[in-house]
Amino acid sequence: MVNLRLLRIPLSTILLVLVLRSNGQFFDKSINSIHNARIPIAQNFGAKRPNILIFMADDLGHADLSYTEGSIQTPTPNIDKLAWDGIILNRHYSNSLGSPSRSSFFTAKHAITTGMQSASIESGEPWGLPFNLKIQPQYFKEMGYSTHAIGKWNLGSSQRAFYPNNRGFDTWYGFSASSMNWFNYTEGWVSPYPTSGRLLRDQGIAVPSNVTNNAYAPDLFTIRAEQIIRDSDVNVPFYMFFSTPIPHTAFAEYRAIQQTMPQFDLRSPVAKFSDQFPERKKQLGVIQALDESFKRLYDALVNKDVLNNTIIVFLTDNGAPVPPAATFLRGSNHGSNWPLRHGKGTLFEGGVRTPAFIWTPMIPKRGRISNQLVHITDWLPTLYEAAGGNLGDLNSMDGVSQWQTLLRGLEDGPRTEVLLNINPMNGQAGLVYRDVDGSLYKYVAGSVFDNTFTGWSRTEGTTMDNPMTMFSAAAIKCNFQPGTEVSPCRSWEKACLFDLLNDPCETNNIADSNPSMLNLLSQKIQAYNSTSAVPLVRAFDLRSDPANWDGVWAPWLDDGQILDSLQAFKSLN
């Protein structure tokens, strides 16, 4: 039980904050004065370090959870339960693609500084997160944690050194690519070279098809996570990165949950949904599976009696790919970011303003919505401090710890700006900036795929008269007509500027009417760009063809170190 008396802030500090906040020019000083008076770990958790469970969804749309927009299409009661009892991070930003986001999450560094800014890594591509970068599990292992990665990795597979179990994780059960068939665990290329191979691995060793096949992959990952929690030593804290492949951009058969997992199809919101939108209906079934997986991990913590000493973080790597952009993203999962603009692969809000919340009994003031700026690079320093780590021990990073702000229940966090990305391959650049008066501006430049669709994609099966939503305090209020452009943004011609407080749906480009702010943010982008590394993206390597490696996507650059065999797999048990 937290001793609330220990959380009191001296009256002198409160008075100082009130005085400073009365004058906008001292806005940041008031925040810094609070952050400098840090609450030590012993007053938060006692002598025991907290368990940490990261639950990362894949390509989850803003409107695909019921707590965000109050959707009655996709009720997610188990996720909602913890979101509303925790702190909903209503301005959480990620990158717009999986590998860049995941690299930033693990390193606390902008993707532009690590060469990870331009693409997601596909099977057969010889590149990955640089080996010289220290990542989250390595820091937590140094504090005595057991560390576990489950599910999607997507940070390199051409060498075994890229695998999670060689980068600080004690265990890894999952797959290394951006996607995987959920029933036979394969992924393939059509162009430039038609091929396909299995991806499922346990401790880096390929799982043979005669060991497991046709079981629903997200279920396999949930079962493994439950097992690890159940068998964990209560005297050793665990750090678990649970990265579900749900509801990722995928071809239709990846989402064939209705035919193979009928329990989700039979749930009322799915069964009653209009058959006029069959692909959206499949997506609703997948989201029910996502909610069920979250529930099972929560129940595992309860059954182990460790919930009260656990921090749970829920987030997604980027927004949903919208149907009009499907040809550029290997298909659409028919998710929804409505009423936010566009989706995955773009720096509009639908691609980068992502659902996220944190829950733990150790935070006294929960059950609230926070509008402080949070970036995916912030999770390493935030969780490290929450676990009792000394922030001075972390390597140079772009993320900032949000822990003291969250712990004290403050609305304004330490961030005043968020770099979304700078991608030299398509000219995309984006930045969110809060000025001294508290106004929030966003700079967006660069191509939007082929620039034919740059707008909004309404949730399938809904209309303006029937939005299929109920009230949610977290819902986004556009202020302008949703989905209707007031002043056009042609970001590939010249940079756009949006006032996110008054126009969160990016309908009104104010670049021409506010040239001074546009110029300021352009200068900031240039300053960030001076720190950019050359993108690491490499083309498909024919030597990786699974036909060369017994039908498996193997770490082909390791040559004789390939260990994928039934005998090697059996040695794990």
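Below, all heavy atoms of this structure are taken into account, side chains as well, without hydrogens, waters or symmetry copies. These numbers were taken from a predicted model, which means no experiment stands behind them.
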Can you pull out every disulfide (SG to SG under 2.5 Å) where at least one residue sits in residues 348-377? Sequence neighbours excluded, please.
none
Ignoring hydrogens, what is the shortest heavy-atom contact between Ser332 and Val322? Give both atom names and the distance.
OG-C, 3.8 Å
How far does CZ of Phe357 sit from OG1 of Thr68, to the nearest 0.5 angstrom?
11.5 Å
Report yes or no: does Asn423 contribute a side-chain atom to a donor-acceptor pair with the main-chain N or O of Gln428 at less than 3.5 Å?
no
Establish, from distance only, whether the side-chain atoms of Asp437 and Ser439 form a donor-acceptor pair under 3.5 Å.
no
Report all side-chain donor-acceptor pairs from residues 377-384 shorter than 3.5 Å, counting only partners two or more places apart or in another chain.
residue : atom : partner : partner atom : Å
Thr377  : OG1  : His375  : ND1          : 2.8
Thr377  : OG1  : Arg415  : NH2          : 3.1
Asp378  : OD1  : Val400  : N            : 2.9
Asp378  : OD1  : Arg415  : NE           : 3.1
Asp378  : OD1  : Arg415  : NH2          : 2.9
Asp378  : OD2  : His375  : N            : 2.9
Asp378  : OD2  : Gln402  : NE2          : 3.0
Asp378  : OD2  : Arg415  : NE           : 2.9
Trp379  : NE1  : His92   : NE2          : 3.0
Thr382  : OG1  : Asp378  : O            : 2.7
Thr382  : OG1  : Gln402  : N            : 2.8

Starting from the C-alpha separation in whole Å, work towards a yes-or-no answer on ring-ring contact (aromatic ring centres under 6.0 Å, His included) for Phe106 and Trp153.
CA-CA 11 Å; Phe106 280 117; Trp153 179 238; 5.3 Å; yes
Let me confirm one number: the CD-CH2 distance from Glu69 to Trp338, rounded to the nearest 0.5 Å.
10.0 Å
Using a 4.5 Å cut-off on heavy atoms from C-beta on, say whether the side chain of Phe55 contacts that of Ile79.
no
Heavy atoms, side chains only, cut-off 4.5 Å: are Pro269 and Leu284 in contact?
no
I'd like to check Leu347 versus Ser96 (side-chain heavy atoms, cut-off strictly below 4.5 Å). Are they in contact?
yes
Value rounded to 0.5 Å, distance of CG in Leu521 from OH in Tyr443:
8.5 Å
Test log, rule salt bridge (Lys or Arg N to Asp or Glu O under 4.0 Å), inputs Lys81 and Asp85:
CA-CA 6 Å; Lys81 171 185 168 183; Asp85 190 49; over 6 Å; no
Do Lys295 and Asp291 have side-chain heavy atoms sitting under 4.5 Å apart?
no
Ionic contact status for Asp317 with Lys344, cut-off 4.0 Å
no
Using only atom types and a distance under 3.5 Å, with no angle test, would you say the side chain of Thr531 pairs donor to acceptor with the backbone of Tyr528?
yes
Kindly say whether Leu60 contributes a backbone atom to a donor-acceptor pair with the side chain of Thr316 at under 3.5 angstrom?
yes
Using side-chain contact (heavy atoms from CB on, under 4.5 Å), reason through Ser103 and Leu155 one step at a time and then give a plain yes or no.
CA-CA 7 Å; Ser103 70; Leu155 289 173; 4.0 Å; yes
Determine whether the side chains of Asn514 and Ser516 contain a donor N or O and an acceptor N or O closer than 3.5 Å.
yes
Would you compute the distance between atom OG1 of Thr354 and atom CG of Asp59 and round it to the nearest 0.5 angstrom?
11.5 Å
Derivation of the side-chain contact (heavy atoms from CB on, under 4.5 Å) call for Met517 and Ile510:
CA-CA 10 Å; Met517 181 58 65; Ile510 60 171; over 6 Å; no
Intermediate values then yes/no, side-chain contact (heavy atoms from CB on, under 4.5 Å), Phe294 and Ile312:
CA-CA 11 Å; Phe294 187 84; Ile312 299 175; 4.3 Å; yes
For His342, run the ring-ring contact (aromatic ring centres under 6.0 Å, His included) check against Phe328, Phe453, Trp456 and tell me which one passes.
Phe453
Decide if atom CD of Glu411 counts as having more than 12 heavy atoms of other residues, nucleotides or ligands within a radius under 6.0 Å.
yes
Nearest heavy-atom neighbours spanning Gly285 and Phe264
O-CB, 3.6 Å
Which residue in the set Arg353, Glu485, Arg341 passes side chain to side chain contact (heavy atoms under 4.5 Å, CB included) when paired with Glu506?
Arg341
Partner set under ring-ring contact (aromatic ring centres under 6.0 Å, His included) for Phe221, not counting sequence neighbours:
Tyr173
Between Tyr93 and Glu349, is any side-chain donor less than 3.5 angstrom from a side-chain acceptor?
yes
Whether Asn318 side chain and Gly98 backbone form a donor-acceptor pair below 3.5 Å:
yes
Indicate yes or no for a side-chain donor-acceptor contact from Ser104 to the backbone of Ser101 under 3.5 Å, with no hydrogens or angles considered.
no
When rounded to the nearest 0.5 angstrom, what distance separates CG in Leu301 from CG in Asn51?
7.5 Å
Do Thr222 and Thr244 have side chains that approach each other closer than 4.5 Å (heavy atoms only, starting at C-beta)?
no
Got a donor-acceptor contact below 3.5 angstrom from the Trp182 side chain to the Met180 backbone?
yes
Check: Ser71/Gln73 side-chain N/O donor and acceptor closer than 3.5 Å
no
Could Lys282 and Glu279 be called an ion pair, given the rule that one side-chain N must be under 4.0 Å from one carboxylate O?
yes
Under 4.0 Å between a side-chain nitrogen and a carboxylate oxygen: does that hold for Lys494 and Asp512?
yes
Nearest heavy-atom contact between Pro339 and Pro482 is CB-CB, 4.4 Å
Check for a donor-acceptor pair, side chain of Asn337 on one end and backbone N or O of Ala320 on the other, with a separation under 3.5 Å.
yes
Can you list everything that forms a side chain to side chain donor-acceptor pair (under 3.5 Å) with Thr76? Sequence neighbours excluded, please.
Ser66, Asp80
Flag, side chain of Lys152 to backbone of Ser179, donor-acceptor distance under 3.5 Å:
no
Do any pairs count as a ring-ring contact (aromatic ring centres under 6.0 Å, His included) and have a residue in residues 405-434, sequence neighbours left out, and if so which ones?
none
Atom pair NZ (Lys109) and OG1 (Thr114), whose distance is rounded to the nearest 0.5 Å
8.5 Å
Taking the side chain from Ser532 and the backbone from Thr113, do they hold a donor-acceptor pair closer than 3.5 Å?
no
Contacts of type side chain to side chain contact (heavy atoms under 4.5 Å, CB included), residue Lys272, not counting sequence neighbours:
Ser268
Is the shortest heavy-atom distance from the side chain of Lys281 to the side chain of Val270 under 4.5 Å?
yes
Has Ser99 got a side-chain atom pairing as donor or acceptor with Ile121's backbone, closer than 3.5 angstrom?
yes
Is there side-chain contact between Lys477 and Pro504, with at least one heavy-atom pair below 4.5 Å?
no
For residues Gln404 and Pro414, determine if any side-chain heavy atom of one lies less than 4.5 Å from a side-chain heavy atom of the other.
no
Run Arg280 and Thr74 through side-chain contact (heavy atoms from CB on, under 4.5 Å) and show every step you take.
CA-CA 10 Å; Arg280 177 63 178 170; Thr74 59; 3.8 Å; yes
